[in-house]
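Encoded as structure tokens, the structure appears first; notes follow it.
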Amino acid sequence: MGISSSVLTAIGHTPLVRLRRVVPADCATILVKVEGNNPTGSMKDRMAQAMLAAAEADGRLRPGDTVVEYSGGSTGAALAMVCAARGYPLRIVSSEAFSEDKLIQMVALGAELTLVRSEHGRITKELILEMIDTAAEFGRRPNTYWTDQLTNTDSITGYHSMGEEIWAQTGGRVDGFVQAVGTAASLRGATTPLKQYNPRLRVVAVEPAESAVLSGGRPGAHLIEGIGIGYRPPMWDPDLPDEIIPVPTADAEAMARRLAREEGLFTGTSSGANVLAAIELGQRLGPEATVATILVDSGLKYLSTNVFRTSQGASRQSPHGNV
């Protein structure tokens, strides 16, 4: 395989795996892109590398500058890895609402962490906005570059490779593509080459049922990390998906546990939501079709959460019951 010149060359080229046990009969073939095989265990490595490379190229990011971002953890860890490889200090704004494992990983990779308090440890629109405002304030300081992931279209290009890889790995056979929406960059980025190859591709966006704003619902609190910011993200393209499937937190957690126990695929809650939506689409398309979706990150990022921590795999409790 040879010797890599940098950890950055290890980003991408992740496996595509067929699900066997969690898929019902008369369903399409469901394929999952195992993005937990990236260096920090997340697809976000792709977008972090793309954002910083583009900023270096046009002078927005200069030697000695500090990079700033808000993050629930995976983007922060990815930026920390790329910053470590490229030699930039990094400041991340996050919250205790996100898994302790992610917070530890960001610090381990060299990020300076600022935490914003969350009511009842839940992900809400108000929390996201406060994190963004805090990051923006840091970003206004001299010699600082705020990557601003919610509006930074450089991140979209970082996910083109994911779509290209899926097309090549399937031998050009993809009838449907399913992806959960956080910033919307990965949905747009991976779909771009897939749609070019197959204009009839059925595209499905996924969001938390408790905060189904893309479907026209009201924002609410949920526990699916990395998606569902409580309002339409600036890079959201309503004309891109053919449909939007809301998935409840409890169902997404249950599927994440099933993937680990029945498929040997250890991944997070947004990935569980992706698989549920892919199965729903696959049952409609039928057994002759092929649907691809993303296992966004590694389950190692969620060891401190109740998704995997309790023997029964129970959902985290709030003062109002299960969330």
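Predicted, not measured: the structure shown is a model, and the values here were computed from it.
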(request) Can you establish whether the number of heavy atoms outside Asp26 located under 6.0 Å from its atom CG is more than 12? (result) no
(message) Under a 4.0 Å threshold between the charged nitrogen and the carboxylate oxygen, would Asp242 count as salt-bridged to Arg200?
(response) no
(message) Within the 3.5 Å criterion, strictly below it, is a donor on Tyr197 or Glu164 matched to an acceptor on the partner's side chain?
(response) yes
(request) Indicate, with yes or no, if Met51 and Phe138 share a hydrophobic cluster defined by side-chain heavy-atom contacts under 4.5 Å among Ile, Leu, Val, Met, Phe, Trp and Tyr. (result) no
(request) Could you give me the CA-CA distance, side-chain angles and deciding distance for Arg21 and Glu263, then say whether salt bridge (Lys or Arg N to Asp or Glu O under 4.0 Å) is met? (result) CA-CA 6 Å; Arg21 298 180 181 274; Glu263 302 278 1; 5.9 Å; no
(request) Any chance you could measure Arg188, atom CZ, to His160, atom NE2, to the nearest 0.5 Å? (result) 8.5 Å
(message) Please identify which of these residues, Lys102, Glu253, Glu100, Glu225, meets the side chain to side chain donor-acceptor pair (under 3.5 Å) condition with Tyr302.
(response) Lys102
(request) Measure the spacing between CG of Leu109 and CG of Leu79 and express it to the nearest 0.5 Å. (result) 10.5 Å
(message) Under the side chain to side chain contact (heavy atoms under 4.5 Å, CB included) test against Ser186, which residue among Met47, Met43, Glu35 passes?
(response) Met43
(message) Working to the nearest 0.5 angstrom, can you tell me the gap between Leu214 CG and Glu207 CD?
(response) 4.0 Å
(message) Hydrogens and angles aside, do Thr249 and Glu210 bring a side-chain donor and acceptor to less than 3.5 Å of each other?
(response) yes
(message) Quick check: closest heavy atoms across Glu165 and Thr14, and the distance to 0.1 Å?
(response) OE1-N, 3.5 Å
(request) Compute the ring centroids of Phe308 and Phe266, then answer whether they are less than 6.0 Å apart. (result) yes
(message) We want to know whether Gln149 and Thr183 form a side-chain donor-acceptor pair, criterion being a heavy-atom distance below 3.5 angstrom.
(response) no
(request) May I ask you to check whether Ser271 and Thr267 show a side-chain donor-acceptor distance below 3.5 Å? (result) yes
(message) For Tyr145, run the side chain to side chain contact (heavy atoms under 4.5 Å, CB included) check against Val68, Leu61, Thr66 and tell me which one passes.
(response) Leu61
(request) Return the minimal non-hydrogen interatomic distance between Ser211 and His222, and the atom names on each side. (result) CB-CD2, 4.0 Å
(request) Mind checking the OG1-CE spacing from Thr192 to Met162? Nearest 0.5 Å is all I need. (result) 11.0 Å
(request) Answer yes if the side chains of Ser161 and Arg46 hold a donor-acceptor pair under 3.5 Å, and no otherwise. (result) yes
(request) Working to the nearest 0.5 Å, report the span between CG of Asp297 and OG of Ser74. (result) 4.5 Å
(message) Do Asp101 and Ser304 pair up side chain to side chain, a donor and an acceptor below 3.5 Å, judged on atom types alone?
(response) yes
(request) Show the numbers, then the answer: is there a salt bridge (Lys or Arg N to Asp or Glu O under 4.0 Å) between Glu56 and Arg62? (result) CA-CA 6 Å; Glu56 285 178 334; Arg62 298 175 296 274; over 6 Å; no
(message) Between Arg202 and Glu243, does any NZ, NE, NH1 or NH2 come within less than 4.0 Å of an OD or OE carboxylate oxygen?
(response) yes
(message) When you compare the side chains of Ser99 and Lys301, does any donor N or O come within less than 3.5 Å of an acceptor on the partner?
(response) no
(request) Identify the heavy atoms of Pro241 and Trp236 that sit nearest to each other, and give their distance. (result) CG-CH2, 3.5 Å
(request) Could you walk me through whether Asp65 and Arg141 pass the salt bridge (Lys or Arg N to Asp or Glu O under 4.0 Å) test, one step at a time? (result) CA-CA 10 Å; Asp65 284 355; Arg141 296 181 180 181; over 6 Å; no
(message) Looking only at the side chains, is there a donor atom on one of Glu130 and Tyr70 sitting less than 3.5 Å from an acceptor on the other?
(response) no
(request) Drop me the distance from Asn274's CG to Ile245's CD1, to the nearest 0.5 angstrom. (result) 10.0 Å
(message) Does Ile227 form a side chain to side chain contact (heavy atoms under 4.5 Å, CB included) with Val181? I'd like the steps, not just the answer.
(response) CA-CA 5 Å; Ile227 68 171; Val181 175; 5.8 Å; no
(message) side chain to side chain contact (heavy atoms under 4.5 Å, CB included) for Val82 and Tyr88? Distances and angles first, verdict last.
(response) CA-CA 8 Å; Val82 178; Tyr88 297 105; over 6 Å; no
(request) Determine whether the side chains of Thr40 and Asp45 contain a donor N or O and an acceptor N or O closer than 3.5 Å. (result) yes
